[in-house]
Amino acid sequence: MADKKFKTISGIELKEVYTEPSGMNELPGQFPYTRGIQKDMYRGKPWTMRQYAGFSTAEESNKRYHYLLSQGTMGLSVAFDLPTQIGYDSDHELAEGEVGKVGVAIDSLKDIEILFDGIELKNITTSMTINATAAILLAMYIALAKKQGADLKQISGTIQNDILKEYAARGTYIYPPTPSMRLITDIFEYCSKEVPKWNTISISGYHIREAGSTAVQELAFTLANGKTYLKAALDKGLDINIFAKRLSFFFNCHNNFFEEIAKFRAARRMWAHITKELGATDAGAQKLRFHTQTGGSTLTAQQPMNNIVRVSMQALAAVLGGTQSLHTNGYDEALSLPTEAAAKIALRTQQIIAFESGVTDTVDPLAGSYFIEALTDELEAAAQIYIDKIDAMGGSVKAIEQDYIQQEIAAAAYQYQNDIESGDQILVGVNKFTQQEEVAQNVFRVDDAIRRQQMDKLVRLKQERNNVEVSRALQNLADAARGKDNLMPYILTAVECYATLGEIADTLRNIFGEY
């Protein structure tokens with residue numbers, strides 16, 4: 001790889017990294033990692049093209065995963081339906097109308113076995129967007145890996161597991177903050193020993209931005225949450241040089257091209273200093289690794305084909321900002337879940353940037369730009385003011401309990417909407433350059449009948465499993481929840497005897513209560 005020549009279309013040979021005429025002393029792969037966490041970044045290998053998918057039943061989602069893998073997707077990212085996210089089985093009365101709608105319905109290990117049928121977990125990395133029930137879904141994934149004969153020390157992936165942003169911005173929480181933080185740190189501890197290559201949390205700014213925050217707020221609140229998780233793990237006696245290596249981040253990429261690039265650069269630099277101040281001495285524990293998704297809230301139902309351009313610019317900003325993996329949205333996602341055609345265009349967008357644009361041929365190509373460097377500094381300074389305020393309150397949990405973060409996001413969202421309605425913020429096809437809309441064609445719809453299919457599967461499952469074993473496993477979990485044991489082994493045992501997600505979540509509800 002070292003001897004490979006990188007050239008522009010005109011034949012101009014490109015150096016690996018440029019340090020002049022900017023006069024910058026920093027280099028990629030060196031503290032504080034403003035310019036990237038690897039020395040060679042995408043010259044070594046491209047980012048992971050990790051397309052987010054999941055809908056309807058495990059059977060249907062499995063077909064989409066095989067399709068995406070056949071088209072060049074390099075990692076899977078699983079979307080779960082709302083009942084799964086908040087710990088209800090598909091037969092729960094509150095699940096009616098929501099089963100399989102915004103993600104795949106998962107009621108038990110049986111569904112996970114179907115979801116990954118024909119896919120060797122040892123050969124892929126999987127990201128799971130799940131929070132309140134993260135421990136249960138991770139246990140199901142581990143149980144399947146064991147059944148496949150995979151070495152648990154080698155399987156890799158990421159579980160979102162970021163409950164603080166649920167309280168602040170998204171809302172799919174179950175338990176109060178204190179027991180929720182216990183579950184998260186239990187996952188940190190368990191995986192550091194049993195599944196050491198698993199990223200145990202993806203600290204999410206994405207949903208903070210989707211709720212209406214500014215780029216500065218996304219940066220500040222995400223890193224403040226990250227500090228809270230670091231301190232919780234330290235309080236549990238974990239080694240920051242081990243567990244911090246398994247933390248990753250999840251950022252939004254919005255429309256303002258240069259601001260987004262500067263945001264990513266500032267995030268790396270700020271996190272490097274945060275981890276160092278908390279005692280991290282290992283370089284791996286100081287590096288901010290992140291996944292990016294293009295901005296769902298920027299997509300418009302009006303003139304939806306325009307979204308292809310928006311997604312392309314956002315994806316390019318994420319790459320120029322140094323992302324480790326990327327999901328590009330389908331152009332039709334303001335109308336429905338993406339169709340197969342839209343999902344393919346979204347993936348091809350990444351592939352064109354990676355293999356045709358030339359932006360991957362040198363590391364941090366915008367470094368030294370007066371504008372980018374100044375904007376990086378300004379974003380960092382503005383975000384630090386927020387972090388200092390949150391620290392003074394006692395950290396993110398206290399700031400959330402005092403409604404501070406929620407109010408700041410709400411005020412920013414209100415201002416942005418006012419700007420759109422006044423015309424100060426132009427949205428092409430929405431408040432300018434509008435046209436008579438045609439009725440959308442080929443909109444993806446999930447059949448409501450799938451709830452009946454899931455309920456039928458639950459009936460069969462409860463008839464076929466050993467219900468005495470299930471009862472014993474749930475009782476042991478309840479006893480452990482009342483004490484101080486790590487809960488992951490008890491959840492894994494319950495999962496392996498086919499206790500349902502709802503049964504496990506309800507067991508913990510009975511002990512922890514609901515928030």
**Student:** Going by the rule side-chain hydrogen bond (donor to acceptor under 3.5 Å, both in side chains), which residues pair with K276 if we only count those two or more places apart in sequence or in a different chain?
**Tutor:** none
**Student:** Please list, one pair per line, the donor and acceptor atoms closer than 3.5 Å that link side chains of residues 138-145 to other protein atoms, with sequence neighbours excluded.
**Tutor:**
unit_1	atom_1	unit_2	atom_2	d
Y141	OH	T126	OG1	2.7

**Student:** With sequence neighbours left out, write down each residue that passes ring-ring contact (aromatic ring centres under 6.0 Å, His included) with Y88, or none if nothing qualifies.
**Tutor:** H92
**Student:** With sequence neighbours left out, what residues match H291 under ring-ring contact (aromatic ring centres under 6.0 Å, His included)?
**Tutor:** F250
**Student:** Mind jotting down which residue pairs meet the salt bridge (Lys or Arg N to Asp or Glu O under 4.0 Å) criterion with at least one end in residues 384-396? Sequence neighbours excluded, please.
**Tutor:** K227-D391
**Student:** Quick one: ring-ring contact (aromatic ring centres under 6.0 Å, His included) partners of Y515, sequence neighbours excluded?
**Tutor:** Y167, Y173
**Student:** With side chains defined as the heavy atoms from C-beta onward, is the minimum distance between R246 and I201 less than 4.5 Å?
**Tutor:** no
**Student:** Going by salt bridge (charged side-chain N to carboxylate O under 4.0 Å, His left out), name the residues that satisfy it together with E189, two or more places apart in sequence or in a different chain.
**Tutor:** none
**Student:** Which residues satisfy the side-chain hydrogen bond (donor to acceptor under 3.5 Å, both in side chains) test with E401, sequence neighbours excluded?
**Tutor:** none
**Student:** Please list all pairs meeting salt bridge (Lys or Arg N to Asp or Glu O under 4.0 Å) that have one or both residues in residues 491-502, counting only residues at least two apart or in different chains.
**Tutor:** K146-E496
**Student:** Looking at E210 and R170, is there a salt bridge between them, counting it only when a charged N and a carboxylate O are closer than 4.0 Å?
**Tutor:** no
**Student:** T281: what forms a side-chain hydrogen bond (donor to acceptor under 3.5 Å, both in side chains) with it, not counting sequence neighbours?
**Tutor:** N241
**Student:** Can R209 and E260 be counted as an ion pair, charged N to O under 4.0 angstrom?
**Tutor:** yes
**Student:** Mind checking side-chain hydrogen bond (donor to acceptor under 3.5 Å, both in side chains) for E514 and listing every partner two or more places apart, or none if nothing turns up?
**Tutor:** R509
**Student:** Find out whether S202 and F249 are in side-chain contact, i.e. whether some heavy atom of one side chain is under 4.5 Å from a heavy atom of the other.
**Tutor:** no
**Student:** Going by ring-ring contact (aromatic ring centres under 6.0 Å, His included), name the residues that satisfy it together with F290, two or more places apart in sequence or in a different chain.
**Tutor:** F251, F264
